[in-house]
Chemist: 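Shown below is the structure under consideration.
Everything quoted here is computed from the prediction, not taken from an experiment. Letters A, B, ... mirror the listed sequences (proteins, then strands); counts begin at 1.
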There are 2 protein chains.
Amino acid sequence: MADHARRAPLSRERVLREALQAADDDGLEALSMRALADRLGVVPMALYKHVRGKDELLDAMVDAVVAEIGPPPAAGPWPERARALILQARAVMLAHPWAWRALETRTLPSPAVLDHMERMIRVLRDGGVSVDLTHHMMHTLGSRLWGFSQEVFASPSPPAAGPDPETLALMAERWPGVLESAASARHDDGTTVGPGCDDAAEFAFAVDLLLDGAERLHRAGWTAGTSPP
Amino acid sequence: MADHARRAPLSRERVLREALQAADDDGLEALSMRALADRLGVVPMALYKHVRGKDELLDAMVDAVVAEIGPPPAAGPWPERARALILQARAVMLAHPWAWRALETRTLPSPAVLDHMERMIRVLRDGGVSVDLTHHMMHTLGSRLWGFSQEVFASPSPPAAGPDPETLALMAERWPGVLESAASARHDDGTTVGPGCDDAAEFAFAVDLLLDGAERLHRAGWTAGTSPP
DNA sequence: CGTCGAGGTGTACGCCGTACACCATGCCGA
DNA sequence: TCGGCATGGTGTACGGCGTACACCTCGACG
């Protein structure tokens with residue numbers, strides 16, 4: 001095996017890049033240290049010379065993805081700047097569908113994570129939003145700050161094409177509201193041909209609702225202790 | 001070993017109950033089929049006579065927890081009924097801190113899950129909220145419908161007691177906004193002695209903001225196609 | 001030319017979920 | 001009464017995982 005000398009030497013960079021590619025290709029659950037080593041034509045333990053362990057690797061992967069989220073627009077009303085920043089985050093998360101799952105499992109915020117938070121906070125603060133309201137809004141935005149919405153169950157109706165008429169009848173009896181609500185997903189014109197509803201629209205709706213709420217509170221001179229209405 | 005005849009026979013119920021207890025005791029990540037079998041004084045494979053596999057067991061556990069969430073108050077303005085239902089869900093999730101993690105990993109909604117959704121949808125629809133707005137609100141509530149808020153990073157500042165003054169100075173330079181925002185957590189009187197901020201208050205703030213937003217849209221006669229403002 | 005350290009290798013351990021063959025028990029119809 | 005059979009607990013084994021640890025190789029450098 002003379003080729004082991006010939007192949008490009010490993011490096012933290014190469015390991016990280018290949019890990020990102022592997023996750024993009026095959027999903028996060030298929031990413032094992034062994035599989036990753038295979039992709040690099042190397043024995044599993046070789047990776048540990050460049051990475052402390054799988055956990056640290058995931059940290060680095062998350063950091064890399066979050067770093068793709070750029071800064072907000074330089075100017076404009078703060079709600080629009082915030083909205084743009086969030087939608088940018090969403091675009092990044094859509095490009096790496098595994099990323100939000102990885103993000104959730106991290107315990108400590110990485111530098112890129114703090115950068116993103118800092119930017120959002122700055123948008124609000126520069127818009128004149130109080131420290132307290134900013135703080136609350138960061139909590140309220142929750143995962144949407146990162147470009148995804150934790151919905152627990154993506155589609156209430158059976159996911160794939162044919163909603164089996166038998167179970168459908170059963171649902172109509174016990175969960176009519178769920179059925180009705182799910183049906184309202186496809187109501188309007190063919191903007192969403194897929195099985196579910198328009199994720200982008202739902203995401204935007206939620207973000208707008210949240211930012212509008214914040215703006216209203218801000219304009220009303222909300223301070224801690226007041227309740228939202 | 002005559003005691004194996006003497007001990008209470010296994011059953012799906014016993015397996016499920018012990019699994020719930022084990023998760024409450026030791027956390028979800030410590031719950032393995034082997035550990036669970038040990039708790040029941042039985043060999044691992046014995047469980048498989050009562051449960052199809054770990055995945056189905058987790059489904060059942062989630063179902064059991066979600067079933068603890070009761071119905072909403074019978075009467076009252078719909079936003080208050082909705083609020084009460086959500087806070088009930090939150091109480092259940094607080095009693096089983098592992099549950100939200102398990103909930104997230106499930107792919108198909110169980111009956112109890114659909115029941116809870118149905119109840120929430122009914123609260124809105126009975127309040128006169130349109131099908132479309134109801135649908136949007138279910139999405140917008142997201143994980144909060146289930147009593148938790150996906151925040152990705154619970155505390156922006158170092159979690160435990162002493163925020164190491166060195167890193168703190170470093171943060172002050174690079175992430176002043178994050179620091180300022182984190183500091184605002186402890187601002188008011190000693191209602192929150194812990195390291196972080198008042199989770200309950202943050203949760204309530206977010207829920208109120210969301211429900212107020214919905215109520216305002218509803219009263220304004222919102223229909224699909226209109227944007228929130 | 002000898003040494004040394006960085007980096008790739010091989011083996012091994014302890015976990016995990018679970019397939020499969022086996023065996024104990026108690027019930028039930030003949 | 002007895003044979004067969006279903007129910008449910010057992011034992012062994014497999015393939016996967018992350019990773020500790022000892023080893024080897026090889027280029028750089030004093």
Chemist: In whole Å, what is the span from the CG atom of A:Leu40 to the C1' atom of C:dG7?
Modeler: 14 Å
Chemist: In this structure, how many angstroms lie between the P atom of D:dG8 and the CE atom of B:Met45, rounded?
Modeler: 15 Å
Chemist: Expressed as a whole number of angstroms, how long is the span from B:Met33:CE to C:dG17:C1'?
Modeler: 8 Å
Chemist: Does any N or O donor sit under 3.5 Å from an N or O acceptor when you compare the side chain of A:Arg34 with the base of D:dG16?
Modeler: no
Chemist: A:Leu36 has an atom CG; how far is it from atom C1' of D:dT19, in whole Å?
Modeler: 14 Å
Chemist: Given atom CG of B:Asp55 and atom P of C:dA19, what is their separation to the nearest angstrom?
Modeler: 12 Å
Chemist: Is A:Arg34 reaching over with its side chain to a backbone N or O of A:Pro44, donor-acceptor style, under 3.5 angstrom?
Modeler: no
Chemist: Starting at atom OH of A:Tyr48, determine the distance to atom C1' of C:dA12, rounded to an integer number of angstrom.
Modeler: 14 Å
Chemist: Tell me yes or no: between the side chains of B:Glu13 and B:Ser11, is some donor less than 3.5 Å from an acceptor?
Modeler: no
Chemist: Which nucleotide in the list D:dG18, D:dG9, C:dT9 gets nearest to the side chain of A:Lys54?
Modeler: D:dG18
Chemist: To the nearest Å, how far apart are A:Leu47 CG and C:dA6 C1'?
Modeler: 16 Å
Chemist: Identify which nucleotide among C:dC16, C:dT9, D:dG18 has an atom closest to any side-chain atom of A:Ser32, counting heavy atoms from C-beta outward.
Modeler: D:dG18
Chemist: Find the distance A:Leu28:CG to D:dC17:C1' and express it as a whole number of Å.
Modeler: 14 Å
Chemist: Check whether B:Ser181 reaches the backbone of B:Gly177 with its side chain - one donor and one acceptor, N or O, closer than 3.5 Å.
Modeler: no
Chemist: With a cut-off of under 6.0 Å to the ring centre and 45° to the axis, is B:Arg90 in cation-pi contact with B:Phe203?
Modeler: yes
Chemist: Checking all strands, does B:Lys49 fall into the base, sugar-phosphate, or nothing category for heavy-atom contacts under 4.0 angstrom?
Modeler: base
Chemist: Does a nitrogen or oxygen in the side chain of A:His50 sit under 4.0 Å from OP1 or OP2 of C:dG8?
Modeler: yes
